[in-house]
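Data first, discussion second: the structure below is written as C-alpha cells.
In the text below, chain A, chain B and the rest are named by the order of the sequence lines, each starting its count at 1. Hydrogens, waters and symmetry mates are skipped; everything else that's a heavy atom, side chains included, is used.
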There are 2 protein chains.
Amino acid sequence: MKRKITLKQIARELDVSISTVSKALSNSKEISEDTTQKIQAFAKLYNYKANNIALSLKNRKTKTIGILIPEIVHHFFSTVIRGIERVANRRGYNVIVGLSNESFTKEIINMEMLANGSIDGIILSISKETLLKQDYHHFNATINQGIPIVMFDRVVNEVDCDKVIVDDFNGAVKAVKKLVENGCKNIALITTMDYVSVGRLRTQGYLEALGLSGIEANSNLILKIDDSLDVENHLDILETEITQFFKANPNIDGLFAVNELYAVSAMKVARKLGLTIPDDMQVIGFTDGVLSKHATPSLTTVSQHGQKMGEQSANLLIDRLEAEDNDNEQYFTNNPKDHDFIKVVIETEIIERESTK
Amino acid sequence: MKRKITLKQIARELDVSISTVSKALSNSKEISEDTTQKIQAFAKLYNYKANNIALSLKNRKTKTIGILIPEIVHHFFSTVIRGIERVANRRGYNVIVGLSNESFTKEIINMEMLANGSIDGIILSISKETLLKQDYHHFNATINQGIPIVMFDRVVNEVDCDKVIVDDFNGAVKAVKKLVENGCKNIALITTMDYVSVGRLRTQGYLEALGLSGIEANSNLILKIDDSLDVENHLDILETEITQFFKANPNIDGLFAVNELYAVSAMKVARKLGLTIPDDMQVIGFTDGVLSKHATPSLTTVSQHGQKMGEQSANLLIDRLEAEDNDNEQYFTNNPKDHDFIKVVIETEIIERESTK
DNA sequence: TTGTATGCGTTATCAA
DNA sequence: TTGATAACGCATACAA
C-alpha cells in the first residue's frame, strides 16, 4: 500500500527543497523550466494531489459547505440537496450533510460539529422542534463566528441571513382560486400546526383566496394535523383523522392540502368513502414529488421547485463566501453590506393533473 | 464578529504557554488544579472548541466518512444515507456526500476529491456507467492509498472490499414463488439491462423460481428496459413499452418487477387496458418505498431494507477504520486480515399489500 | 533560480 | 508543574 505522496517526499526524492516543488507544481515562473518539468513529471507519475486538510488549515477555508436539514428521506429535501450539490461542485465546493431529524438538540450538535472548522458556510432548513421552541441562538452564534448561513423553505425572521423561500402564500392563493374557478363551493383545507411557517403561510393563502372570491371561511372545513410527535402509526392516525373530517363535512367538493402526503391520503380516504375524484371532489396539493406524479388519480400540485431552491441557496452562499475573500477588512467591521441580506422568493406554478377538472 | 478562539489566544490572554492550555483542557494531571480551573473557565466562557481541521491534520484522520452514490432523489438511496448517518454520528463521525449522477467521470472526480484527505473511508454504490464500462481502477486506486471502501447494493467482484447487499436472488425467488402459489400461470418479468448486477440477480431469481415450480420460462414474458440514457420523457417511454408488452401478451396474470417504479407504472398501464389488480393480474415489486405504500392499489413488495444496509455499511467501515488504529503495523504489511473482506447479505422479506391476493 | 523560515491550530515529547 | 519545540502538509515572504 502506497500512502499518498507529499511535497516533502517529492522534494527529498528529487533532491530539491519543498518550496521549489510547491512552486514548480503551481507553474510559478520563478522556477526554471528544467526543474519544473522534472518535478511535474515526477508528481504526475506518483499521482500527487495536494492534501485538502493541509490546504484548509493554511487557507482558513475548507471549500466545503454544510447542509443541515430535518430529514433526508423526503423527496423535497433530497431535491434541494441535489440542487445544492450541483452548483457547489460546479463552483469547486464539496458538500457535507447533517440531519437534525426534526430535533432541536441534534440541530445544535450538528451545527457545532460543522461550525468547528469543517465548513465555510451552512445551508439549512429549520427543524420543527426549533420552530416550536422559537430558540434560534445557535444560528446567531454561528453567524457571529463569521460563518454565513442561508436558510431555505423553513425560515424565520429572527435570524439575519440570506433566505430562499417559495411563495407559499401566493401558491396557496393560486391553488384555491383554481378550485373556485373549477366550480367548487365548499373548499376544505388540510394543514399543519401553525408553528411551521410554511403551513401558516399556506393557510393564510387559503383564507385570502376565499376572501377574494367572496366565500366565507368556515373553520369546520379546516383540518390541522399535529405531526410533531413522529409516531410509528402516523399514517393510520392521519387517515383516521381525515375520515372523520370528511364524514363530518360531506359537502366538501374541493380540497387544498399543504403537502402531497396529506393530499394523497385524502384521495385514498375519499375513494374509500365512495367519492370519485375529481367528479365529487377536486384535490390540489403542495410540493411536486413522486407521490403526486404516480398517485391515482395523479395529483394536481403547486410545485415547490426544490432543486431550484437548492441551486439558489448555494449560489447565494458561495457568492457571499467569495465576496468576503475580496474586501475582507471592510466587510467585517460595520460595513452596511453586512446587513444587506437577500431574500429570494421562488415563484410557484400549478401543475395540472387528473385530480382537478 | 468574534472569530473562533484558539489555544494561542487563550494562552496569551492568560499568560501561560500554549501547551499548558492544551493539557489543561484535556484534564492532564500534569497541570495544577488552579491553572486547570482558570483555563477551563476561560475556555468555557469563550466557548472554545478545538478546530477540526487542525486535529485532522495532526491525527491524520478526519473522522468523517464519504458517501458516493449515483443519485440522491431516490427513496432507496436516501434511506441508506439516513442509516449511514445514524451510526456514523453515534460513533463520532461526520458524513460527506458526493453524487455520481450515474456518470463514470463524475464518480472518479468525486472519489479523488474525497480521497484527497477529506475522509477516512468511503461507502459507495457503483454508477451505471461504471458498471457498463467495467472499469474499476479508481476503486482499487483509493483502496491502495489506504482508504477502505465499503460497497452496497451495486457491488462488483473485481474489487476487494467489504460489501453489503440484499439477497436479490432469493428475494426474487420468494416473490415469484408467491405469485405461483397465488395461482398465476403466466408470470411476466420487467427488469433492467443485465449489466446492473441487481437486475441480473433478480432476473436469475425469477428464472430459478419458475424452474422450481416446473414452469417453463418464456422469453416473450420478459421485458428488459434500457434506462441507461436518462432522457426527459423516460416515463412516457416506459409506459409505452409496457403497453406494447401487455398487448403482445394478453395472457399475463402475474408480474414481477425489479423496482417499484416499473411495478407502479405497470399497474397504471394495466388499469388503462381495463385490467383489475389483483384480480386479473397480481403484481409484486422490489424495494419498498413511498410509491409502493401509496400506490393504488398499494403494492406488494420485496423490501430492500435501505436503512439497515446503510447502518451495516457504516459499522463495517468504522470497524475497519478503528481496527487500523490498533494493530497498525501488522495490518498493513501482508497480514492475512487484509484480505478478510466481509460480505453482509441482508435478508429480504415480502411485504404483502393489495396488489396480490 | 533556488532555498529558508514562518504560520495555519493541535498534540506529544522532552527539557526546565 | 510548566514551557519550548517539533510535526502534520502546504504556501509564501523573504533571503541567498
- From dT2(C), dT10(C), dC8(D), nucleotide with atom closest to Arg60(B) side chain: dC8(D)
- Task: Take the protein atom OH of Tyr48(B) and the nucleotide atom C1' of dT11(C), then report the distance between them rounded to whole Å.
- Result: 10 Å
- Side-chain N or O of Ser17(A) less than 4.0 angstrom from OP1 or OP2 on dG3(C)? yes
- Are Lys106(A) and Glu85(B) ion-paired here, with the side-chain N under 4.0 Å from a carboxylate O? yes
- Any N/O donor-acceptor pair, Lys58(A) side-chain to dG9(C) base, under 3.5 Å: no
- Task: Side chain of Asn51(A) only, please: which of dC10(D), dT13(C), dC8(C) is the nearest?
- Result: dC10(D)
- Query: What is the distance, rounded to the nearest whole Å, between atom NZ of Lys23(B) and atom P of dA4(D)?
  - Reply: 11 Å
- Message: For a quick check of understanding: with a heavy-atom distance under 4.0 Å over all strands, which category does Lys8(A) fall into, base, sugar-phosphate or nothing?
- Response: sugar-phosphate
- Between dG3(D), dC8(C), dT2(C), which nucleotide has the shortest distance from any of its atoms to the side chain of Glu30(B)? dG3(D)
- Message: Just to be sure I understand the rule, does Leu7(A) reach a base, reach only the sugar-phosphate, or reach nothing, if contact means heavy atoms closer than 4.0 Å?
- Response: sugar-phosphate
- Message: With a 4.0 Å limit, can you tell me whether Ser19(B) has a side-chain N or O closer than that to the phosphate oxygens OP1/OP2 of dT5(D)?
- Response: no
- Message: With a 4.0 Å cut-off on N to O distance, would you call Lys63(A) and Glu322(A) a salt bridge?
- Response: yes
- Can you find a side-chain donor-acceptor pair between Ser19(A) and Ser17(A) that sits under 3.5 Å? yes
- Quick one: CG on Asp162(A) to CD1 on Ile149(A), what's the gap to the nearest 0.5 Å? 10.5 Å
- Give the nucleotide from the list dT10(C), dC8(D), dT1(C) with an atom nearest to the side chain of Thr6(B). dT10(C)
- Listed nucleotide nearest any side-chain atom of Ser22(A), set dT10(C), dT12(D), dT4(C): dT12(D)
- Determine the contact category for Thr35(B): base if any of its heavy atoms lies under 4.0 Å from a base atom, sugar-phosphate if only primed atoms, P, OP1 or OP2 are that close, otherwise nothing. sugar-phosphate
- Message: At 4.0 Å (heavy atoms only), tell me whether Leu55(A) reaches a base, stays on the sugar-phosphate, or touches nothing.
- Response: sugar-phosphate
- How many Å lie between NZ on Lys38(B) and C1' on dT2(D), as a whole number? 12 Å
- Between dA4(D) atom C1' and Ile31(B) atom CD1, what is the distance in whole Å? 13 Å
- Quickly work out the Ile18(A) CD1 to dC8(D) C1' distance and round it to whole Å. 12 Å
- Provide, to the nearest angstrom, the distance between the CG atom belonging to Leu57(A) and the C1' atom belonging to dA11(D). 12 Å
- For dT11(C), does OP1 or OP2 lie under 4.0 Å from any side-chain N or O of Ser26(B)? no
- Query: Rounded to the nearest Å, what distance is computed from the NZ atom of residue Lys63(A) to the P atom of nucleotide dC10(D)?
  - Reply: 18 Å
- Message: Check this for me, if you would: do Glu102(A) and Arg154(A) make a salt bridge, where the nitrogen-to-carboxylate-oxygen distance has to be below 4.0 angstrom?
- Response: yes
- Say whether Asn101(A) and Glu107(A), considering side chains only, have a donor N or O and an acceptor N or O under 3.5 Å apart. no
- Whole-Å distance between dC8(D) P and Asn59(B) CG? 13 Å
- Mapping Thr20(B) and Ile5(A) onto DNA chain D by nearest heavy atom, which one lands closer to the 5' end? Thr20(B)
